[in-house]
Amino acid sequence: MIAQLVFVGLTTGAIYALIAVSLNLIYGTMRLLNIGHGDMAMVGAYISFWLFTLADVPPYVSFLIAPAVSGLFGLLLYRGMFAGLLRRVQGDAVEGSSLLVFFGISMVVQNSASLLFSGTPRAYRYFDGIVEFGGIAVTESRLVALAVAVVAIGAVLAFLKFSIWGLGVRALIQNRAASAIVGINVDFAFTFASVVGFALAGLAGAVISMYQAVTPFMGGPYTTVGFVVIILGGLGNINGAIIGGLVVGLLETAGIALTGPNFRDLLIYGVFIAVLMLRPQGLFGRKGAH
Amino acid sequence: MSGHILELDGIHAGYGEVRVLHGVSLKVRTGGVTALIGSNGAGKTTLLRVIAGLLPVRRGNLVYDYREFTDADAAHRVEAGIALVPEGRMVFPDFTVEENLLIGAFTPRVRARRVELAATLYDRYPILKERRRQLAGTLSGGQQQLLAIARGLMSEPKLLLLDEPSLGLSPQAVADLFRMIEEIRATGVTIMLVEQNVRSTLEISDTAFVLETGEIALSGRAADLLADDRVRQAYLGL
Amino acid sequence: MKAPSWFAGPIGGALVVALLAAFVVPGMAGDYGIEFATTLVLWIALVQSWVILSGYTGYVSLGHAAFVGAGAYVFILTWGAVPFWFGLVAAGFTSGLLALIVGGPCLRVRGPYFVILTLGVAEFVKYAVINIEASLGKFGRLMIGTPEPVDIYRMAVGLAAIAFVMALVARYSRFGVGLRAIRENEVAAEMTGIRVRWLKVGAFGLSALVPGVVGALMICRTGYFEPLQMFSPQLSLTIITMCVAGGSDNPWGPLIGALFLNILSELLWDSAPELYTVILGVVLVFVVLRMPEGIYGTAVKRLARRSRKAVPGETTP
């Protein structure tokens with residue numbers, strides 16, 4: 001029973017971590033608060049659903065197509081809007097303005113999806129067998145979700161740790177001026193962060209679509225959880241986002257098991273508020289690091 | 001060695017509505033140390049930021065190594081051999097000493113040789129080797145300054161811009177710093193040095209410029225300026 | 001305390017407009033017109049209350065939904081037990097009190113942290129109310145004997161007038177100077193002796209009074225209380241959109257923003273609610289990227305530039 005819960009918590013947490021890592025990549029480098037992040041996951045989920053339903057494309061192929069589309073979306077948004085915004089405004093104004101712009105984008109994306117596909121929840125069946133091992137029973141789709149999240153997050157971590165460009169991205173998260181001084185092409189790095197950040201959100205959506213119904217407004221809760229997680233882990237802290245994602249996933253699962261689904265949101269927001277009020281730099285952040 | 005590595009002609013620059021530099025013209029000789037002195041707010045840091053490409057030139061011309069660089073971005077200038085060690089050091093606090101060095105060789109010209117470049121600097125500055133696994137944010141001020149300069153050297157610059165390197169250092173650390181500057185100069189790197197510490201600076205410099213309210217007020221051989229009455233009165237308190 | 005004379009004009013004007021709106025409009029407009037006018041006036045009340053904290057200090061709050069919802073909840077709990085007016089006042093003060101309580105800790109964090117924290121607090125309050133209601137076995141509450149639409153409309157007009165005057169006084173008084181100093185540079189404001197903490201918490205409390213009453217009036221209109229609807233984060237975001245579209249450094253901008261978006265909503269909502277929201281999104285993106293001072297702020301700047309050009313001999317840099 002406990003093992004089962006831990007496993008469910010880990011799969012949920014791994015997807016949260018994936019969303020939070022990509023959100024943090026965008027926030028950490030550019031200081032853009034992307035409250036449309038969950039909507040990118042929604043776009044990925046629809047891509048996966050329609051490809052499967054209309055063209056029999058299996059989801060594992062969509063795991064490549066969905067991020068390509070959402071990554072392109074990230075590229076266009078950065079080039080079309082945020083490159084200019086970041087050149088014009090600085091400091092806290094970036095965060096405020098980006099929040100509003102992304103809110104606008106979120107409204108457009110959600111309601112366009114609703115216009116195009118209606119609000120009807122849609123689902124398909126794939127990887128829906130049950131796997132049992134060591135007293136744990138899980139659906140294949142959850143197992144695949146966990147595997148994809150682990151691989152994607154692992155790839156991001158390896159890139160950040162071992163590649164000189166990864167080092168550059170981590171430098172940019174710490175100090176933009178110093179990064180320019182050592183010769184990092186900041187504009188290129190921003191473009192890169194936008195593409196990768198959006199692509200990972202699309203990937204997360206394609207994965208989620210295997211076990212959750214797809215609707216135009218499914219992204220909101222993921223955006224909220226994403227922000228809860230990156231606040232827990234510290235804004236801009238990639239490792240913190242991974243640990244925070246797992247913590248929230250486990251907490252949510254344990255909370256539902258102990259008190260019933262009604263208290264899930266109360267629990268998440270309660271922890272979130274407590275952390276923000278007591279340790280605004282996040283559980284793993286250093287004081288004054290921001 | 002002769003010739004000029006850097007030529008500024010009528011440079012205007014500023015921040016938003018605030019205009020800081022009003023037509024700065026100067027030539028920096030290749031090799032040796034060129035000092036830039038002046039009171040607070042005269043525009044010294046602004047001028048270094050303009051040379052490093054962090055702040056756009058509004059009017060005027062910047063020629064580096066006999067090539068037009070007025071509109072080049074910061075990354076291109078690092079690639080061409082300009083390195084800035086900024087005021088306040090700006091090491092990456094969450095990086096280890098080693099990561100700080102490696103990121104200093106980000107520019108393509110030296111990127112592939114970054115590990116051997118770091119090894120050379122470890123030999124020159126053993127304290128960095130000792131602390132290579134330590135987070136830069138936990139180093140002392142003097143060590144952070146050493147690291148910031150070493151990071152600048154990782155890109156194998158021809159022109160090294162040092163902005164107030166002695167700020168906030170202990171007298172012992174300042175003495176070490178000036179010795180380090182002379183060593184770097186001996187390797188053939190041209191150094192442009194901005195300092196509050198006017199006497200020590202002029203003593204190790206070859207040429208000097210005095211910047212006042214965004215314009216060059218005085219220039220000449222450092223030894224001559226050290227003897228100049230105006231400089232003695234305004235900056236040496238004599 | 002006597003209001004300084006330069007308040008008298010706008011306040012008198014607001015009073016006249018409010019009286020006209022309250023007593024002339026109902027005679028001219030039909031049921032549909034009154035419904036539209038009520039919606040508009042309630043939004044005006046909300047945006048005016050929001051600017052007191054968020055417009056003037058720059059602390060962008062996503063917490064307004066919590067104050068609307070809390071007011072509505074208190075109102076429905078006291079419905080029938082206390083006189084109507086008492087319920088309205090209780091709704092307002094409960095929200096104000098809630099803001100004072102959460103304001104202390106919330107306003108210690110800044111920038112994005114504050115934005116996200118207020119959203120978190122609002123959602124927390126929402127789920128708390130949902131859980132309380134669920135444990136009581138209630139899933140929505142009905143109200144019987146709510147006032148006539150015209151009376152609700154007149155109360156809404158009065159409320160909007162009060163909100164406007166509050167925003168106006170807050171903007172042009174010493175209190176407002178302090179608030180705007182916080183926006184420009186909080187540390188500097190504190191060093192010049194402005195009691196930053198008190199001002200922020202005070203402004204938060206003040207800005208929460210009106211939405212509490214709005215919540216009460218909103219459920220009077222529908223005769224129904226449902227937590228998911230009353231605490232919707234969409235409400236907070238719409239307020240921000242209106243304020244940003246108009247410009248949020250003074251009471252006039254949000255007024256224009258509310259007018260603009262309500263008319264747009266009226267034109268599109270019934271036939272194509274999704275299209276309305278898409279357009280709302282486009283407007284928001286456009287305003288933030290192209291007119292960061294909002295419709296009103298940009299217009300004022302343009303006019304000022306034109307009149308300056310008219311002065312002979314003066315050149316613009």
Side-chain angles (χ1 to χ4, degrees), chain A residues 27 31-33 35-36 80-82 84-85 88-89 91-116 118-119 216 220 224 227-228 230-231 235 259-260 262-273 275-278 280-281 290, chain C residues 54 58-60 62 102 104-135 183 186 233-234 236-238 240-241 243-245 272-290 292:
Chain A
Y27 178 80
R31 300 285 183 269
L32 300 179
L33 287 173
I35 58 169
M81 290 179 184
F82 292 106
L85 183 78
R88 266 201 322 279
V89 292
D92 282 358
V94 174
E95 287 155 345
S97 306
S98 69
L99 184 86
L100 295 168
V101 173
F102 273 121
F103 173 50
I105 292 168
S106 166
M107 289 198 278
V108 172
V109 173
Q110 283 181 8
N111 289 280
S112 303
S114 182
L115 274 174
L116 287 171
S118 84
T224 316
F227 273 106
V228 171
I230 67 171
I231 293 280
L235 281 178
T259 60
N262 291 341
F263 290 96
R264 179 242 174 202
D265 297 289
L266 209 56
L267 187 73
I268 287 186
Y269 286 111
V271 170
F272 171 59
I273 294 169
V275 168
L276 251 185
M277 286 179 176
L278 300 175
Q281 71 276 28
H290 189 59
Chain C
S54 300
Y59 275 78
V60 172
L62 279 171
V102 300
C106 281
L107 286 157
R108 277 170 45 205
V109 298
R110 306 172 55 175
Y113 293 92
F114 180 75
V115 181
I116 301 168
L117 180 56
T118 50
L119 176 68
V121 169
E123 291 287 281
F124 183 80
V125 174
K126 171 170 91 180
Y127 287 109
V129 170
I130 288 176
N131 277 298
I132 293 169
E133 289 291 277
S135 67
R183 185 182 64 198
E186 184 161 347
Q234 199 71 27
S236 308
L237 289 164
T238 308
I240 297 183
T241 310
C243 291
V244 170
E274 284 126 343
L275 189 63
Y276 162 71
T277 317
V278 168
I279 292 175
L280 203 65
V282 172
V283 167
L284 184 59
V285 171
F286 178 82
V287 168
V288 176
L289 292 179
R290 294 272 164 251

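Values reported hereafter were calculated over all heavy atoms of this structure, with side chains retained and with hydrogens, waters and symmetry mates removed.
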- Message: Is any side-chain heavy atom of C/Leu275 closer than 4.5 Å to one of A/Asn111?
- Response: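 The answer is no, as the side chains (C-beta and beyond) never meet within the 4.5 Å cut-off.
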- Query: Does a side-chain heavy-atom distance below 4.5 Å link C/Thr241 with C/Val283?
  - Reply: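 Of all side-chain heavy-atom pairs linking C/Val283 with C/Thr241, none is under 4.5 Å.
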Which atoms of [X] are under 4.5 Å from chain C, going by heavy atoms: the side chain, the backbone, both sets, or neither?
X: A/Arg88; answer: side chain
X: A/Ile231; answer: side chain
X: A/Leu33; answer: side chain
X: A/Leu115; answer: both

- Task: Could you walk me through whether C/Tyr276 and C/Ile279 pass the side chain to side chain contact (heavy atoms under 4.5 Å, CB included) test, one step at a time?
- Result: CA-CA 5 Å; C/Tyr276 162 71; C/Ile279 292 175; 5.8 Å; no
Chain C: which of [options] shares the most heavy-atom pairs with it under 4.5 Å?
options: A/Val101, A/Leu267, A/Ile273, A/Ile268; value: A/Ile273
options: A/Leu266, A/Leu276, A/Val108; value: A/Leu266
options: A/Ile35, A/Val228, A/Asp265; value: A/Asp265

Counting only heavy atoms closer than 4.5 Å, note whether [X] contacts chain A via side chain, backbone, both or neither.
X: C/Val121; answer: both
X: C/Val109; answer: side chain
X: C/Leu117; answer: both

- Ignoring hydrogens and geometry, is there a side-chain-to-backbone donor-acceptor pair from C/Ser135 to C/Ile132 under 3.5 Å? yes
- Under 3.5 Å donor-acceptor, C/Thr118 side chain and C/Phe114 backbone: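 At least one qualifying donor-acceptor pair exists.
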- Task: Tell me, out of C/Val285, C/Leu237, C/Leu119, C/Val115, who's got the most heavy-atom pairs with chain A below 4.5 Å.
- Result: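 Option with the top pair count is C/Leu237.
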- Note on the structure: Ranked by heavy-atom pairs below 4.5 Å to chain A, first place among C/Val102, C/Val60, C/Ile116 goes to C/Ile116
- Message: Is there a side chain to side chain contact (heavy atoms under 4.5 Å, CB included) between A/Phe103 and C/Ile240? Walk through the geometry before answering.
- Response: CA-CA 10 Å; A/Phe103 173 50; C/Ile240 297 183; 5.9 Å; no
- Measure the CD1-CZ distance between A/Ile230 and A/Phe227 for me, rounded to the nearest 0.5 Å. 5.0 Å
- Message: I need the minimum non-hydrogen distance between A/Arg31 and A/Ser98, along with the two atoms involved.
- Response: O-OG, 4.0 Å
